[in-house]
Every structure is written in structure tokens, then in C-alpha cells.
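Following: one structure in C-alpha cells, then a few remarks.
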Amino acid sequence: MAPKKGDKKKGLGGVPITYIAGALLAAVAAAFFAWRGRTHFTKGPILTPLKAPKVTDLLEFDAAYKDRMLWGSYRSGLYFGMRTRTPKGLVSGLMWFDPDDFQTLQQYRVRHEANQGDGLGSYGWKRHDGRNYGQQVLVDGDYNITLSMLKTFGEDSGPGGDWSLRLQLRRTSGMPTQRRRISVVIYIGDEDTPREPWQVLPDGEVADLRPEPATLLSGASSALGRGGAKWALHAMELATEPPASARARGCRVDYLGMSTEGHKPDYLLRVRDVLLSTMYERLQRQPPSDKFRLYLPNGATTSSDLALFQVTCVIPSTVDFAFTSTSGDMSDYSERLEGLVGPGLDGPLAAAERAFDQRFDRVFGEGIARALQPQQPPPADGPEAAAAAAAASEAAATVETAKAALSNLLGSMGYFYGSSLVRTGPPGSEPAAYWPAALFTAVPSRSFFPRGFLWDEGFHQLLLQRWDAQLSRDVVAHWLDLINSQGWIPREQILGEEARSRVPAEFVVQDPTHANPPSLFLPIAHMAAQLVAARAAEADGAAAAPDAEAAAELERVGAFLRRAWPRLAAWYNWFNSTQAGPLPGSFRWHGRDPAAAAELNPKTLTSGLDDYPRASHPDGSERHLDLRCWMALTSQAMYDIGSSLGLPPAVVGRYAAAAGALSDLRPLLALHFDEGRAAFADWGTHTEEVALEVKSIVVPGEDGQPPQHRDVSERVSRGWPLPQYVPQYGYVSLFPLIMRLLPTGNEPNATSAAAAAAAGGAAAAAAATGGGSAGGAAGGGAGGAGAELTLQQLQQLTDPSLLWSEHGLRSLAKSASLYKKRNTADDPPYWRGQIWINVNYLVLRSLSYYARAGSPEVAAAAGAAHDELRRRLLRTLVGGYKRQGYLYEQYDDETGRGTSSHPFTGWTALVTLIAAQEY
Ligand SMILES: *[C@@H]1O[C@H](CO)[C@@H](O)[C@H](O)[C@H]1NC(C)=O
Ligand SMILES: *[C@@H]1O[C@H](CO)[C@@H](O)[C@H](O)[C@H]1NC(C)=O
Ligand SMILES: *[C@@H]1O[C@H](CO)[C@@H](O)[C@H](O)[C@H]1NC(C)=O
């Protein structure tokens with residue numbers, strides 16, 4: 001994960017609302033433009049795209065595909081928002097609040113951006129197919145909203161089709177409430193200039209939303225195709241069950257249409273403040289004797305390009321909205337509307353739900369069922385029957401969690417457009433703008449990280465590619481097209497004002513010397529493996545020829561890899577040349593700050609593991625084990641991709657050589673094996689004698705105030721840093737296992753130099769028994785050559801005093817000196833003991849490999865570790881989802897509780913693959 005972000009969007013928090021009502025957004029606009037004015041525009045190699053055909057221009061992403069993908073819930077940072085996949089989008093969003101409660105105003109209690117501070121009991125997609133259908137449940141205290149979204153492509157639909165939105169507003173069962181009504185607000189804005197003047201309430205004022213649908217808004221937008229297709233928004237209220245006899249009338253509609261001219265991004269970003277301040281103004285004009293009610297003022301300018309519709313209903317109610325578009329004449333959509341809103345929508349929604357469930361069963365459900373199946377058939381009664389029933393309910397909970405995890409990964413996918421800010425000069429110099437580009441990406445967390453992260457994406461795609469391979473390729477294509485002429489890809493993508501508004505300024509600027517794990521090679525290697533397997537089957541001749549659809553899919557995978565090849569080669573080369581370490585065959589993450597006086601151990605954000613302890617005194621002598629192992633994976637993947645494409649040995653030979661050298665155990669042991677501890681480790685200038693201390697300093701007073709004493713915490717180093725293996729056992733130590741660089745024990749002994757080295761390493765390890773906590777190697781057994789080392793590493797893996805906890809593998813050993821230590825006074829431990837799902841997944845993947853490919857002893861040990869780790873992780877994740885209502889960024893190794901940001905359905909969504917045993 002990337003730097004921990006504070007939530008910076010609460011800028012208006014303490015300001016009296018009258019001030020906002022008056023001075024509203026001018027100041028915000030000024031700040032934005034000032035920020036943008038600070039960038040400069042010299043184009044050097046850093047700001048120049050790699051010269052190669054774009055992967056996103058591949059035939060499979062043609063106009064027809066783009067049309068079907070035009071609309072989606074691509075506003076990752078909101079509870080719900082639809083937008084077009086165009087640089088300047090037609091965008092919509094949902095807000096909701098209690099119109100009768102003073103707190104709404106006083107505490108800005110209007111829900112819009114997904115925010116942990118709102119304290120929703122839970123929210124998230126229960127189903128989402130990534131393309132056409134989604135169902136989300138939002139539980140907000142005593143009421144809840146079930147939201148269903150469905151895209152439809154009718155004969156008369158314009159580009160991008162139509163979409164429906166159903167909102168079921170309910171009381172949460174078992175929660176007493178005074179609340180009678182709830183307001184939902186749907187808004188639409190055009191980031192571009194509308195093609196035609198908008199018509200707000202084109203058919204006149206709307207008194208009621210039943211029994212006929214009403215048209216709220218119509219317009220035309222260039223986002224819907226070059227011609228500027230016409231579109232309209234409609235709404236309808238459904239008869240409730242049971243009919244709410246007590247109420248005099250149905251939902252009421254209030255509205256506001258305004259122009260954002262001169263305030264282009266800001267009014268849309270601040271739409272919640274627009275809503276609050278205009279409702280407040282209306283309230284002020286009301287006679288004081290009237291009841292407290294919050295309504296929009298009901299007015300629209302002729303040049304509106306942002307319109308809000310407030311629909312206020314008694315709970316329970318159900319309201320449908322539909323967005324229709326057409327390239328032709330818009331005059332009659334009434335027939336089309338019958339299937340888009342009202343009772344006519346029931347059938348299509350039910351069918352979409354069924355289709356999703358069936359597809360999930362086909363792709364993952366059967367795997368999950370198989371993996372959870374008890375060994376014996378359940379007996380009819382007795383205690384065994386009770387146990388079987390418990391197992392069945394556990395299986396159901398696992399499927400539900402896996403479904404939600406996948407759905408949230410898909411439902412949080414975002415489309416962003418804009419420029420990264422990049423450092424092109426010396427540190428501290430003004431940043432420059434990268435070329436403007438689109439990114440279609442999954443995001444780690446809607447509330448905390450609603451934007452693209454390079455190394456997270458590799459994990460996201462492991463799941464996504466098994467669900468929808470083309471969608472996944474589309475995402476990877478966008479990432480690869482962001483590579484510059486030097487072969488660098490910025491690691492955190494903060495594109496466009498919407499994304500930027502949620503990132504503290506100090507994290508925005510990207511450094512072109514900084515890397516991030518090339519985890520995208522994991523899903524890309526999976527693609528190459530498909531080609532290799534197909535080729536092998538073909539050569540074998542025994543297998544039946546693939547059917548037409550499978551053949552076409554292989555064709556697309558091949559075309560994709562061929563197009564991606566020059567970009568992957570440039571990326572590989574950038575790593576191999578810029579991140580090379582001090583010794584041949586070693587590698588080093590850049591970007592550690594030796595002068596970081598406040599940090600107990602200077603962070604390594606580039607490695608993705610942030611505060612995971614490395615050498616205490618960063619310098620050029622460091623050798624980072626994880627990066628070396630990533631390079632082993634990458635080299636092998638490059639070789640596999642190249643040979644699957646049939647590239648000549650002259651091209652792929654050097655990757656084979658690199659893969660061979662990096663998986664050779666002898667240099668790996670020489671560079672990274674700490675014999676004293678019998679563990680793999682980083683190397684660097686290090687001392688364990690460091691601590692954070694609070695010092696009192698004097699700071700000059702501001703504005704004529706006297707100087708003040710302030711406490712700051714600072715690192716003090718009492719020991720003399722020496723070159724050595726870094727004695728912190730944790731996730732990094734597992735990388736040789738993770739990347740399958742340890743012997744299986746089945747290597748043919750005569751031909752493998754690695755086997756001899758392994759035997760040597762293991763012998764050394766055994767000799768060092770008592771050093772460190774690992775206790776030395778397992779005695780030599782009947783396993784093949786080198787198996788001792790692997791068995792010894794597996795024994796360490798499962799040692800409860802190190803990483804093996806009841807709830808999964810913790811990131812840092814309990815016995816490590818920095819276990820659960822704060823890095824600064826403000827930074828709690830992050831990768832210092834907490835359980836992270838991405839690394840746990842990689843370990844399971846490797847254990848499953850050794851269980852298959854290992855010698856009998858290795859296979860038995862790996863298999864047992866795999867089964868037990870998987871069981872514990874599922875208990876943690878499935879149980880946590882049930883208890884806490886969310887999937888989390890990390891899990892506590894002592895309690896198993898989810899911690900840090902939530903919902904976090906980026907790589908934590910790998911729970912789906914863990915449940916299905918898909919590696
Ligand atoms: C939402 O409210 C309905 C009606 O009270 C209830 O049946 C349902 O369980 C609630 N959903 C959640 C997730 O609490
Ligand atoms: C990686 O860099 C080394 C050192 O410059 C070079 O010898 C090697 O050929 C490079 N590997 C590949 C696959 O390009
Ligand atoms: C492995 O080495 C042993 C002893 O040197 C030898 O007897 C055996 O044939 C070798 N096995 C293989 C598969 O090369």
C-alpha cells in the first residue's frame with residue numbers, strides 16, 4: 001500500500017454554514033487554479049511517452065467495446081456515482097439525508113463521498129459484474145438503502161445504452177427510530193459544455209412520481225458520442241408493500257439547476273456543499289414559524305449544466321430512476337421506460353441477479369464448494385449432523401463473503417483522466433505535469449484510496465482476470481500505456497481533480513527514480529501460461545482442438561502480449577538498470593531518506609511495504625531481498641511471454657539467462673542468507689540500538705507571539721551502524737519461498753549447481769542452531785538434494801513465535817525488535833506485525849506449488865502449512881466480514897479483528913481466490 005493518507009477533504013468542517021452559503025466556492029476555485037499554476041511544462045524524457053503502439057488501441061477495445069463500457073459506477077470515491085469513460089464526462093451521483101433533522105445541517109450529515117467518518121454500519125456491493133449490473137446495500141443506522149443498477153442496450157438506445165437505478169428505502173430491522181422520511185438526491189453534471197441547453201423538468205413541475213414516471217431533465221452531451229447524443233433522466237415511485245396507508249402523499253420532488261461556468265471542476269467536487277448551502281438559504285427565507293424542513297429551492301438557470309433532484313419519501317419507499325439516451329429523436333421513450341422503471345424493472349433486475357449468481361457459481365462457487373467439502377458424507381443425525389450443519393452454514397458464509405469481495409473490487413473500479421505531477425528537477429523543485437491520460441483501474445479502498453496504485457493492481461488483476469479476462473486486459477492496458485520513454489510507470493495515479501481532491505499535497509508528486517513492485521507481472525505471466533499450455537496441448541495432439549470461442553480468446557491474449565511486449569521490455573530494463581544494487585545480482589529500492597530524523601526506521605514506500613524495517617541507516621550498500629525476488633519473477637515471466645509469442649532466442653535468451661541467474665541458489669544464499677539466524681534477509685548498514693525520543697524544542701512565535709516550547713519526537717541512534725544482514729524476520733524473509741526459489745527437493749542432483757549450494761546453505765544453517773529464534777534446519781531426511789533448506793524454511797514459517805499467528809501470517813516476527821513499534825510519533829505500526837492478505841495469498845500460492853511439485857517430505861510439510869494457513873485466513877476474513885460488516889486493509893495478529901481503512905476490497909478481495917484455491 002502507499003503512504004497512509006489523512007482525510008483532507010474536511011476543509012469546511014469548522015466553518016459556520018452562513019459563511020459557506022455566502023462565500024461558497026470562489027475561494028476553493030482560486031486554490032485549485034493556484035495549485036495548477038505551480039506546475040511547469042518542460043518536456044524531457046520523463047514527460048515523454050514511450051514510442052510504441054498503445055495497448056489500449058488494440059482491436060479488442062474497439063468502438064463497440066467502448067460503447068458497452070461507456071457508462072459505469074466509475075466514481076470510486078462515492079457511495080454511488082455513474083460516469084462516462086470519457087475525459088470530460090457526463091457524471092452523476094447520489095446523496096442522501098434526513099430532511100427533518102437539524103443535525104443534517106449542523107453536522108453536514110449528508111452522505112456523498114464514501115467516508116469512514118460517516119460511520120455507516122456497512123456498505124458495499126453484494127453483487128457487481130463489472131459491466132452491467134450491481135446491487136449495493138448501504139446500512140446507515142436506523143435506515144438502509146438497497147441500490148440496484150442495471151444497464152440496458154435497447155434498439156433505440158444511444159451510445160452507452162440506458163441505465164436504471166432502483167433505491168429501496170427501508171428501516172433497519174430491530175432499530176427503533178423517530179425518523180419518518182428520507183431524502184435522496186440524484187444529480188447530473190457535464191464536465192464539458194453541454195451540446196444543447198438542458199431542460200430542467202421539460203414537461204413541467206412534478207407533483208408526484210406515480211403512477212406514471214416523470215421526466216426530470218433532458219440534454220445532449222458530447223460524452224455520448226461525437227454527434228452529441230440526447231439524453232434524459234426519469235423517475236418513478238413504486239407502490240409500497242404494504243401500502244403505507246397513513247401517508248397523505250407519495251414522494252415529493254425538489255430541484256436545483258445551476259451553471260458551473262467559471263467554476264468548472266469545483267462545483268461538481270463540492271456538490272454536497274452546494275446542496276447544503278442552497279437548502280440553508282431556502283430555510284432562511286421561510287417564515288420562522290414553519291417546521292424545520294430541508295428542501296432545494298426549486299429553480300433553474302437557462303444555462304444549467306449541473307442539476308440536483310431531491311426526492312423525499314416516507315420510509316418504506318422504493319424509487320426508480322432511469323437514464324435514457326438516443327442518437328435519434330427523443331420524443332417518445334415511454335415504451336422504453338416500461339422496462340427501465342417501475343414494475344417492468346422487477347423482471348430484468350431479478351434476471352440479472354440470477355445471472356450473476358450462476359456465473360459466480362460457475363467461475364468460483366464450484367471451486368469453493370470443492371475446497372470446503374467435508375471428507376465424509378454427513379450422517380443423518382447425532383452430533384455429526386450438527387457439525388455438518390455448522391459446516392454448511394460456514395460454507396454459505398464463505399460464498400457470501402467471496403461474492404461481496406469480488407463485487408466490491410468490480411464495483412469500485414474507476415475511470416480517471418488527468419496528469420500525474422512528477423518531479424523532474426532536484427528534490428524540492430517545482431513538479432511538472434505528466435501527459436494527460438486515462439486510467440481505468442480497480443482501487444484499494446473507496447473511502448481511503450479511491451485511485452490507482454501500481455502494485456496493488458497486480459493483485460487486483462489476479463482475481464479480475466479469472467472473472468472477466470477482457471476487462472482485466474483493459475485495465476492492464478491502461479497501466480502499460482502510462483509508461484514513459486525511460487520505462488518508468490508512476491506508482492500512485494492521482495489523475496483529475498476528483499482524485500486529487502482526496503490526497504494530501506505531500507503525496508501527490510511522483511518521483512521518476514522510484515519504483516514499486518512489478519506485481520502486474522503476476523497476472524501477465526498467468527496470460528502467458530495460458531498460451532504456453534495451449535501450445536503444449538497443440539503439440540501434444542492428443543487434446544481436442546479448442547472451440548471457436550476459446551481459440552478467439554487465445555488469439556486476443558496473444559495479440560495483447562505482443563502489443564504489450566515492447567512496454568514490458570522497457571519496464572523490465574528500467575528496473576534492471578536503475579534499481580540494480582551494489583553487487584552483481586543484487587537490487588536496491590530507491591527513495592529511502594537517510595535524513596528522516598523523525599523516523600525510527602526510514603520508510604521504504606517504493607517497496608510497497610512502507611514502514612517494514614530495513615537497514616537503519618539507508619545508503620548505497622543496501623541489498624533488498626524482496627526486489628531481487630521480484631526480479632526473478634519478472635525475468636521468468638519475460639522469458640515465458642517471449643517464448644509463448646514465439647520470439648527468437650536472440651530476444652528471449654537474456655531473460656532466460658537472468659531468470660537462471662536469479663533463481664540460482666548459490667548467489668541468493670551468498671547475498672541474502674544470514675547463516676547466524678538461518679534466515680533470508682536484507683543487507684545494509686544497520687544498528688539495533690535506535691529509539692524514538694521526545695525532545696523539547698523552542699519554536700519562534702507567530703504574529704508577535706512569544707517563542708514556544710514544543711515537543712517533537714526524534715530518532716536517536718546509540719549504536720554504531722555496521723554492514724550486516726538486517727536482523728528483522730518478516731514478510732521480506734519469505735520472498736525466496738514466495739517466488740518459488742527454494743528447491744523442491746526433486747531437482748536432478750547431478751545437473752543442478754543450486755542443489756549443491758542448497759545443501760551447503762542448509763548445512764550452514766544447521767550448524768548455526770541456537771542462533772536466532774529459528775532453531776536451525778530440519779535434519780536431513782529422505783528428501784532430495786536441497787530439500788533440507790526448504791524444510792527448514794517451512795519450519796520457520798510455521799513457528800508461532802515468528803510470523804505464524806492464529807489469524808494468518810503477521811508481517812513482522814513477534815520476536816523482531818521493531819514488532820508493533822511506531823515509526824514516528826504520528827505513524828502507528830503498519831507493516832510491523834499486522835496481517836496483510838496480499839502476502840498471505842502469495843505464500844499460499846507458493847505452498848500449493850510445493851505441495852504439488854515437492855519431494856514427498858517437502859510436499860507433506862508445504863501441504864499441511866497450506867491447509868492450516870488457508871483455514872485460519874478464511875476464519876479471519878469470513879468471520880470478520882460477518883461481525884464487522886466490512887473487509888479490511890489489514891488484520892490484527894492477536895485478535896484477528898480488521899484494522900485500518902475499510903471497506904478495503906482491493907487485494908483483501910483475494911479472499912475469493914483463497915476460498916476457491918485458485919493460485
Ligand atoms: C434493511 O432493512 C430491511 C427492512 O427493515 C431489513 O429487512 C434488512 O435486513 C435491512 N438490511 C440490513 C443490511 O440491515
Ligand atoms: C540486466 O543488467 C545486467 C547488468 O547491466 C545486464 O548484464 C543484463 O543483460 C541485464 N538483463 C537483461 C535481461 O536485460
Ligand atoms: C544423485 O546423486 C547420487 C549420489 O551422487 C547418485 O547416486 C544419483 O544417481 C543421483 N541422482 C540423479 C537423479 O542424478
Side-chain angles (χ1 to χ4, degrees), residues 79 96 111 118-127 135-148 166-182 184 238 240-242 244 313-319 397 400-401 403-404 407-408 486-487 515 518 521 525 565-588 623 627-643 647-664 667 671 881-887 903:
Y79 288 117
W96 73 88
R111 314 303 192 195
D118 289 347
L120 263 61
S122 77
Y123 65 92
W125 296 96
K126 298 291 176 193
R127 297 178 172 83
Q135 182 195 59
Q136 185 175 211
V137 178
L138 306 134
V139 183
D140 195 356
D142 47 7
Y143 58 99
N144 70 55
I145 303 176
T146 299
L147 173 164
S148 309
R166 168 163 292 179
L167 301 176
Q168 291 166 284
L169 315 172
R170 299 287 183 269
R171 259 173 249 286
T172 304
S173 34
M175 285 260 223
T177 181
Q178 304 294 317
R179 211 183 295 278
R180 282 191 59 244
R181 305 193 305 165
I182 176 172
V184 297
L238 273 82
T240 43
E241 59 307 333
C313 304
V314 172
I315 313 175
S317 290
T318 299
V319 196
E400 193 197 326
T401 308
K403 223 178 246 187
S407 298
N408 279 297
Q486 298 176 321
F521 273 98
W565 177 261
R567 292 171 182 274
L568 296 174
W571 199 27
Y572 180 96
N573 196 47
W574 182 87
F575 270 97
N576 192 37
S577 51
T578 68
Q579 309 291 303
L583 296 179
S586 70
F587 290 88
R588 178 171 75 85
R623 313 196 288 258
L627 182 50
R628 188 184 196 278
C629 296
W630 280 116
M631 290 307 291
L633 167 89
T634 311
S635 306
Q636 185 64 46
M638 283 302 285
Y639 174 72
D640 290 343
I641 297 163
S643 29
L647 298 181
V651 176
V652 297
R654 59 202 185 107
Y655 299 111
L662 288 170
S663 58
D664 185 346
L671 290 169
Y881 180 66
K882 203 165 166 182
R883 271 193 310 278
Q884 294 182 274
Y886 296 100
L887 290 171

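One-based numbering, in listed order, for ligands and for the atoms of each. Please read all numbers here as calculations on a predicted model, not as lab measurements.
Numbered from 1 in the order shown, with element, the atoms of ligand 2 that lie under 4.0 Å from a heavy atom of Arg654 read 12 (C), 13 (C), 14 (O). Near Tyr655, meaning under 4.0 Å from any of its heavy atoms, are these atoms of ligand 2: 13 (C). Distances below 4.0 Å separate heavy atoms of Tyr572 from the following atoms of ligand 2: 12 (C), 13 (C).
For a threshold of 3.5 Å applied to N or O pairs, the pair formed by Asn576 and ligand 2 contains at least one separation below that value.
In this structure Pro566 satisfies the side-chain contact (heavy atoms from CB on, under 4.5 Å) test together with Ala52, sequence neighbours excluded. Remark: Arg166 pairs with Asp320, Asp346 by the salt bridge (Lys or Arg N to Asp or Glu O under 4.0 Å) rule, at least two apart or across chains. Residues that satisfy the side-chain contact (heavy atoms from CB on, under 4.5 Å) test with Asp140, not counting sequence neighbours, are Trp96, Arg111, Leu120, Tyr143.
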Measure from every N or O atom of ligand 1 to the protein's N or O atoms and keep only the pairs below 3.5 Å, writing each with atom names and distance to 0.1 Å.
unit_1: ligand 1; atom_1: 2 (O); unit_2: Asn144; atom_2: OD1; d: 3.3
unit_1: ligand 1; atom_1: 2 (O); unit_2: Asn144; atom_2: ND2; d: 2.3
unit_1: ligand 1; atom_1: 2 (O); unit_2: Arg171; atom_2: O; d: 2.9
unit_1: ligand 1; atom_1: 5 (O); unit_2: Arg171; atom_2: O; d: 2.1
unit_1: ligand 1; atom_1: 5 (O); unit_2: Ser173; atom_2: N; d: 3.4
unit_1: ligand 1; atom_1: 11 (N); unit_2: Asn144; atom_2: ND2; d: 3.0

Might you work through the side chain to side chain contact (heavy atoms under 4.5 Å, CB included) test for Arg588 and Leu627, ending with a clear yes or no?
CA-CA 7 Å; Arg588 178 171 75 85; Leu627 182 50; 5.6 Å; no
Please determine whether side chain to side chain donor-acceptor pair (under 3.5 Å) holds for the pair Asp118 and Tyr79, giving the CA-CA distance in whole Å, both sets of side-chain angles, and the decisive distance to 0.1 Å.
CA-CA 11 Å; Asp118 289 347; Tyr79 288 117; 2.7 Å; yes
Quick one: do Tyr572 and Ser635 satisfy side chain to side chain donor-acceptor pair (under 3.5 Å)? Show the steps, please.
CA-CA 8 Å; Tyr572 180 96; Ser635 306; 2.8 Å; yes
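Here Phe575 and Trp630 keep their ring centres 6.0 angstrom or further from each other.
Under the 4.5 Å side-chain criterion, counting only non-hydrogen atoms from C-beta, Arg170 is not in contact with Thr146.
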